[in-house]
Structures are given as C-alpha cells and as structure tokens.
Amino acid sequence: MEGDAEATEGDHRDGTELYAPFQGNVRKVQAVRGLRMALFGIPVVVEYLQRKGMGVEDVFHVKAVHSLAFVLLELPAGYVSDRFGRKPAIIVSCACGVLYWTAMGAADTKRQFQAAQFLLGMSDSLFSGTDAAVLYESLDKCGNKAKALHGESQAVFIAQATETLASILGGYVASHVSLRSTMWLTCVPYTFAMGIALTLVETSGFRDPSHERYSLWHAMGQSALDLAKVVKKDLVNLQLGPEVLAGVLLGTTTYTAVWLFQPLWKRAGLALSVYGWAWAGLNSSVAITALTAPVLEAYFGTRQALIYLGIWGCMCYFLLGRVKEHLALVLVGCALYWVRGGGGPIVTNAINRKATPTHRASLLSARSMLTQACFLAWAPIIGFVSSTMGLSWACMVTGLVLSLGASSMLVSFTALCPDNTKTDHKSIEDGEAVGLIEMRH
C-alpha cells in the first residue's frame, strides 16, 4: 500500500510537472494579448496623419493598404503557424508590430505610411487565430479544454481593459508631449509582448511527416481551395450565408467608423487632451454591449437581431452626420458600437452553431478575410465622399449603404429561408463553448 501511495504521488508530481509549462501558456497568451492592445497611438492616429498633410481621403487610402496586406497574407500566415509553429508566428507578429509603430513615428509621407501599414497587416495576419490556438491547445494538453471559453473571456477582458487604459494615457502623452511620441511609446508594450512570446511552450506539431515537403505555394493553394469549398457548401446554400455576409457588412460598418470618429471630433473642436478619454469610452461600450448579444439572439433570433442592429447602425450614422456637439458625438459613437459589441458575438455564435467542426475554422477565417476585403473596396469610396461632399455625407452614405444594406439583405433571405435560431441562454452558452476559440486549422 505504501509503495502504491508513493507511486501515485510520483505520478501526480510527474503529471503536474508535465502540464505546468502549458498552464503557464494560458497566462502568457493573455499577457501578450493585453500588451498588444496597449495602443497608445490609436486614439490620435488620424489626427497624426492629418497633421502630416493628409486629408480624410488619404487616411482611408493608407488604411486600405493594411486591409490589402491582411487579405494577401492571411493564407501564408496560416501556413507559417502550422508549418513552423505557433510560437515563431507570435514572435514574428510582435516584431512586425514593433517595426510598424517605429515606422509610423518616423514616416512623413503618404507612401511611407502605406509601407508601414503593410507591416501592420503582416503582424495582424500572423497573430490572427494563432493566439487563440495556443490558448485552446494549452488547455487541451492540461485536460482543461472545457475551460476554453472561460480562458478566452478572460483574455478578451484583459485586452479591452488594457486598450481603455492605454487610450487615456495616449491622449495625455499626445497633448502634453507630442503625437509622434505616442507612436513610439506603443513599441514598448509590443517589445514586452515579444519577450513573453519567447518563453511560450510550443503546442502544435506537424499533421504528418509528409507535411514537411509541402511548399508555401502548395499550402496556400490548398487553403484557398478548402475555403472555396466551404463557401460553396455552407454560404451559398442559404443555411449560413445570410448571417455571415450580414456580419461582414456590419463589421465593415463599425470598422469604417473607427477612421471617421477622429475627423468628426476635430471638426467639432474637441480638445486633443480629451481624445484618449473619448476613445476609452468607445472601447468600453464594446465590452458592455457585448453582454447583450445572448439576450438579443435568445429573444429575436439571429437574423432578426442582426436586422435590428443594422437599422440601429444606420440611425446612429445619420445622427453622427447631423450632431455637432462634443459630448453628443461621443455618445452617438458609443451607441453605434452596439452594432460591433452585439453583432460580432451573434455572427460568431451562428458560425459555431451551424458549421461543421471541420469547416468552422475556415468559415471564421473567411469571415475575417471578407471583412477586410469589403473595407478595401469601400475605403476609396468613402474617402472620396468625405473629401468632395463632407464628413456628414460620408456618415450618412455609410449608414445607408452598409448598415441598411445588411438589414435589407437579411429581410430578403429570411423571406426565402425562414430563420429558426431563437434559442435560450443555455443553448447559446453551449454553442459558444464548442467553437468560440478560432483555431487556424
């Protein structure tokens, strides 16, 4: 008996020592995410570009390069993560982030800023999904896969809280030191994130030994083929397409607002020292309104909830184009971000619930790529409207075309294929627990 007890104790000790590195990965991934969201320069980045002589149209041209880079590099980045490991992908991603914010601080011309945006696209494409994969795989190796949703929620909360605090500090630095300083200051948390990434324990492995002989172009072609099959099977057949496509339009709606808020604040005469607080308010509204997503879906159903959010977004955009007072602009912006906070989880949950396990990650990847592609096409248009007709018209056109367009599309699809997605809170939680973690493959 004594020998059995000693053996059991030894097995327990060996198991604890075996899983300890992967348990540490969970905290490290949360820290890396939080540090990457310490974006001191984001509340004033549009003002910074405008002081370099750019108009609103130029700002959208610059940001379009980021979307182009993300679309082009998403598949190669997935190959890098699978072929060379999660850890190297995250390290290179953080390094590209340091180079991006360094380049943003040093750039003076539109071409230089566009080159910097390509670095950001590379950073985001490498990090997109890889961090969630490390989190999920680490919990899986520890036998705590059931806690994946809890770990993901903690990581999201830490990231949102960090961005809120960094926004306040960034606004202070911009008003008391310089706008350029906020760009270079953001390099600091990215550098710390890279240091933490160096201590991660690799969680992935090759799918099979023959994977080593696959070339990058072969992997990209196979990934593109897989995505095309998924689109044909799950989107075109009206079972999932309406929600995903509407989610892409609504996502483009709120992403466009990110680059309109600061010019609107400037037009209204908002003091630069308040930009950080205003941006923190917008970011906080996303976290708060995300809590309403389960209630909206349970009460209205997926499509109807997205229809109402689309109409809500359209109304907010019209208000953005009409109001001139500082506080009103910030409050309307917070209201508009309900579309982001409420709509994002609803679309993700629809994919988790309806998609097959083998297609879930591909659909999530397709959704991200479609959103960036949509913004890439939309950015020159809204930039032209802003420069020729003014910011008010830019806001109203965006709301009418994207938000109301998404709602109209859902109404039409629902007439053809009724929506039966009203669920209770328990089923929503179950759906999220199964597939909220966005893994590469």
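Just so you know, these numbers use all the heavy atoms, side chains as well, and skip hydrogens, waters and symmetry mates. Residues: numbered from 1 along the sequence shown. Just so it is clear, the structure is predicted and the values come from calculations on it, not from any experiment.
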With Y317 via side-chain hydrogen bond (donor to acceptor under 3.5 Å, both in side chains) - residues at least two apart: none
Determine yes or no for a side-chain-to-main-chain donor-acceptor pair under 3.5 angstrom, with E163 supplying the side chain and A38 the backbone. no
Sequence neighbours left out, what pairs pass ring pair (Phe, Tyr, Trp, His ring centres under 6.0 Å) with at least one residue falling in residues 38-61? Y48-F113
Between Q30 (side chain) and R27 (backbone), is there a donor-acceptor pair under 3.5 Å? no
Could you pull out all residues at least two apart from R340 that satisfy salt bridge (Lys or Arg N to Asp or Glu O under 4.0 Å)? none
Partners meeting side-chain contact (heavy atoms from CB on, under 4.5 Å) with V330 (sequence neighbours left out): W265, A278, C334
Suppose the criterion is salt bridge (Lys or Arg N to Asp or Glu O under 4.0 Å): which pairs have a residue in residues 392-402, not counting sequence neighbours? none
Pairs touching residues 181-194 that satisfy salt bridge (Lys or Arg N to Asp or Glu O under 4.0 Å), sequence neighbours left out: none
For Q372 and L68, run side-chain contact (heavy atoms from CB on, under 4.5 Å): C-alpha distance rounded to whole Å, both residues' side-chain angles, the deciding distance at 0.1 Å, then the answer. CA-CA 7 Å; Q372 292 295 335; L68 176 63; over 6 Å; no
Could you tell me which residues satisfy ring pair (Phe, Tyr, Trp, His ring centres under 6.0 Å) with Y337, sequence neighbours excluded, listed by chain and number? F261
Suppose the criterion is salt bridge (Lys or Arg N to Asp or Glu O under 4.0 Å): which pairs have a residue in residues 253-274, not counting sequence neighbours? E47-K266
Could you check E297 against T302 for side chain to side chain donor-acceptor pair (under 3.5 Å), going step by step and ending with a plain yes or no? CA-CA 5 Å; E297 187 179 54; T302 298; 2.8 Å; yes
Side chains of residues 393-405: which donor-acceptor pairs under 3.5 Å do they make with residues two or more places apart or in other chains?
unit_1, atom_1, unit_2, atom_2, d
T398, OG1, A394, O, 2.8

Pairs in or reaching into residues 98-122: which pass salt bridge (Lys or Arg N to Asp or Glu O under 4.0 Å), with residues at least two apart or in two chains? K52-D108, D58-K110, D108-R180
Here the gap from L39 atom CG to T182 atom OG1, rounded to the nearest 0.5 Å, amounts to 10.5 Å
Could you pull out all residues at least two apart from W338 that satisfy ring pair (Phe, Tyr, Trp, His ring centres under 6.0 Å)? W312
Enumerate the residue pairs fulfilling side chain to side chain donor-acceptor pair (under 3.5 Å) with a member in residues 323-333, sequence neighbours excluded, ordered by first and then second residue. none
Can a donor-acceptor pair be found, under 3.5 Å and without considering hydrogens, that links the side chain of S93 to the backbone of A89? no
Without swapping roles, check the side chain of S123 against the backbone of L119 for a donor-acceptor pair under 3.5 Å. no
